[in-house]
Peer 1: 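Dumping the structure here so I can ask a few things about it.
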Amino acid sequence: MPRQGVPAGPGEPDWAAAVAAVRGLGPESRVLLICHVNPDGDALGSMLGFGLALRRLGVRQLQATFPGPPEVPEPLRWLPGLELLVPATEAYPDPELVVCFDAASESRLGELAGRLAEPGPVLVLDHHASNTGFGDVQLVAPAAAATSVVVEELLARLDIALDAEIAACLYVALTTDTGSFRFDATTPAVHQLAARLLATGIRPGDISRQVFDTRPFGAVRLFGEVLGRARLEPPAAAGHGLVWTYATQDDLARHDQRPYVLEALIDSVRCTAEADVACVLKQVGPAQWAVSLRSKGAVDVSRVAAALGGGGHRFAAGFTGSGDADAVVDRIRAELDSALVTS
Ligand code: AMP
Ligand code: MN
Ligand code: MN
């Protein structure tokens with residue numbers, strides 16, 4: 001049952017408009033692909049997979065970019081199509097088509113949000129129920145497990161065949177957002193998509209090892225320290241429990257690690273049996289934290305995140321918090337009770 005207020009997903013006119021926008025491109029049309037800040041496997045994989053497909057169509061003037069520092073997390077630094085990436089400051093000033101991936105709102109596009117006002121149409125591919133409806137053509141499928149599901153359907157409608165490079169990108173996106181096929185969004189259709197991707201010859205073992213199971217020894221030590229200070233609060237969320245920890249920029253510096261290594265931390269925290277809600281605060285400035293929230297089902301963490309200025313999905317959400325870590329957790333605790341799932 002779709003939740004109340006959740007858009008149903010793209011209709012035939014939306015698909016037709018998206019197909020027409022892509023079919024209208026010539027070899028010299030300038031196309032700008034953008035995705036959300038601090039891109040994850042779904043954002044980058046969907047964007048680069050689509051970029052490679054456009055290149056197969058003969059589009060030559062093609063750029064991909066994201067806001068913030070132009071740094072690709074090490075586990076994704078082998079993705080096919082990385083050569084399409086340019087720093088946000090170097091993106092075409094006058095693209096004829098902008099395609100936006102995995103971003104629920106303009107605020108997730110940072111300094112690139114201005115690009116949405118370009119004269120060329122803006123095509124939005126996303127799967128957040130909270131998508132604000134920005135852009136000109138919305139392919140927003142809240143039931144989809146990943147933005148890459150939407151990408152693959154668009155490619156099929158454009159008669160662009162999957163090859164191993166496109167498939168590697170889309171497979172990374174799909175496995176990232178389904179937790180390697182562990183989450184409830186993993187429908188039969190998700191496995192059928194995975195089968196089509198694997199049929200191109202990509203190697204799931206190699207891909208998973210690079211994306212999920214490889215990190216520097218310094219990161220292993222850093223995780224030990226940060227997990228060692230995790231706190232369990234059984235009374236939080238009306239007794240469903242909260243577990244949380246934090247990592248500072250000083251922690252990163254002491255272990256000589258880049259911020260991306262902390263993205264995997266939430267997965268080690270959220271396995272805590274005694275807590276429905278897990279939270280990791282990652283320091284991004286003197287008194288600023290990128291906060292990750294996860295739920296096992298009793299709490300809709302997207303409501304907590306939205307109340308605190310962010311967004312996301314029911315089981316995985318985030319926001320940027322200001323102040324010291326305790327103050328940010330105070331604010332989360334205060335929102336948990338009103339985000340309990342009742343049906
Ligand atoms: P993360 O914890 O960074 O893996 O993010 C989990 C989910 O929360 C993602 O799917 C994002 O859509 C969403 N999210 C994370 N941070 C923010 C933010 N600052 N604003 C809006 N949504 C966010
Ligand atoms: Mn994402
Ligand atoms: Mn996604």
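Counting starts at 1 for both ligands and their atoms, following the listed order. Everything numeric here is computed off the predicted structure, so don't read it as measured data.
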Peer 1: Go through ligand 1 atom by atom and flag the ones less than 4.0 Å from a non-hydrogen atom of H313.
Peer 2: 10 (O)

Peer 1: Give the atoms of ligand 1, by number and element, whose distance to some non-hydrogen atom of G310 is under 4.0 Å.
Peer 2: 20 (N), 21 (C)

Peer 1: Could you tell me whether R215 and E74 make a salt bridge, using a distance below 4.0 angstrom between a side-chain N and a carboxylate O?
Peer 2: no

Peer 1: Can you name the N, O or S atom of D102 that is closest to the Mn ion (ligand 3)?
Peer 2: OD1

Peer 1: Treating T178 as the side-chain partner and R182 as the backbone partner, does any N or O pair qualify as donor plus acceptor under 3.5 Å?
Peer 2: no

Peer 1: When you measure from the Mn ion (ligand 2) to each N, O or S atom of D40, which atom gives the shortest distance?
Peer 2: OD2

Peer 1: Any idea which of A305, A306, A290, G311 brings a heavy atom closest to atom 14 (N) of ligand 1?
Peer 2: G311

Peer 1: My understanding is that we take every heavy atom of each candidate and find the minimum distance to atom 12 (O) of ligand 1. Doing that for H36, H128, H127, which one comes out nearest?
Peer 2: H128

Peer 1: Looking at the Mn ion (ligand 3), is one of the N, O or S atoms of D42 less than 2.8 Å from it?
Peer 2: yes

Peer 1: What protein heavy atom is closest to atom 3 (O) of ligand 1, reported as residue, atom name and distance in Å?
Peer 2: S292 OG, 3.7 Å

Peer 1: Run the salt-bridge test on E12 and R157 with the 4.0 Å N-O cut-off and return the result as yes or no.
Peer 2: yes

Peer 1: Of R108, R294, K282, which has the heavy atom at the shortest distance from atom 4 (O) of ligand 1?
Peer 2: R294

Peer 1: Salt bridge between R229 and D251, side-chain N to carboxylate O under 4.0 Å?
Peer 2: yes

Peer 1: Output yes when D163 and R56 qualify as a salt bridge under the 4.0 Å nitrogen-oxygen rule, no when they do not.
Peer 2: yes

Peer 1: Tell me which N, O or S atom of H127 sits nearest to the Mn ion (ligand 3).
Peer 2: NE2

Peer 1: Thinking salt bridges, do R55 and E83 make one under a 4.0 Å N-O criterion?
Peer 2: yes

Peer 1: Starting from the Mn ion (ligand 3), look over the N/O/S atoms of D177 and name the nearest one.
Peer 2: OD2

Peer 1: Is there an N/O/S atom in H128 that lies less than 2.8 Å from the Mn ion (ligand 3)?
Peer 2: no

Peer 1: Is there an N/O/S atom in C35 at a distance below 2.8 Å from the Mn ion (ligand 2)?
Peer 2: no

Peer 1: Given A104, G318, S105, A316, identify the one with the heavy atom nearest to atom 15 (C) of ligand 1.
Peer 2: G318

Peer 1: Answer yes if the side chains of T248 and D250 hold a donor-acceptor pair under 3.5 Å, and no otherwise.
Peer 2: no

Peer 1: Can you tell me if E165 uses its side chain to pair, donor with acceptor, with the backbone of P80 under 3.5 Å?
Peer 2: no

Peer 1: Kindly assign one of parallel, tilted or perpendicular to the pair W289 and Y246, based on the angle between their ring planes and the thresholds 30° and 60°.
Peer 2: perpendicular

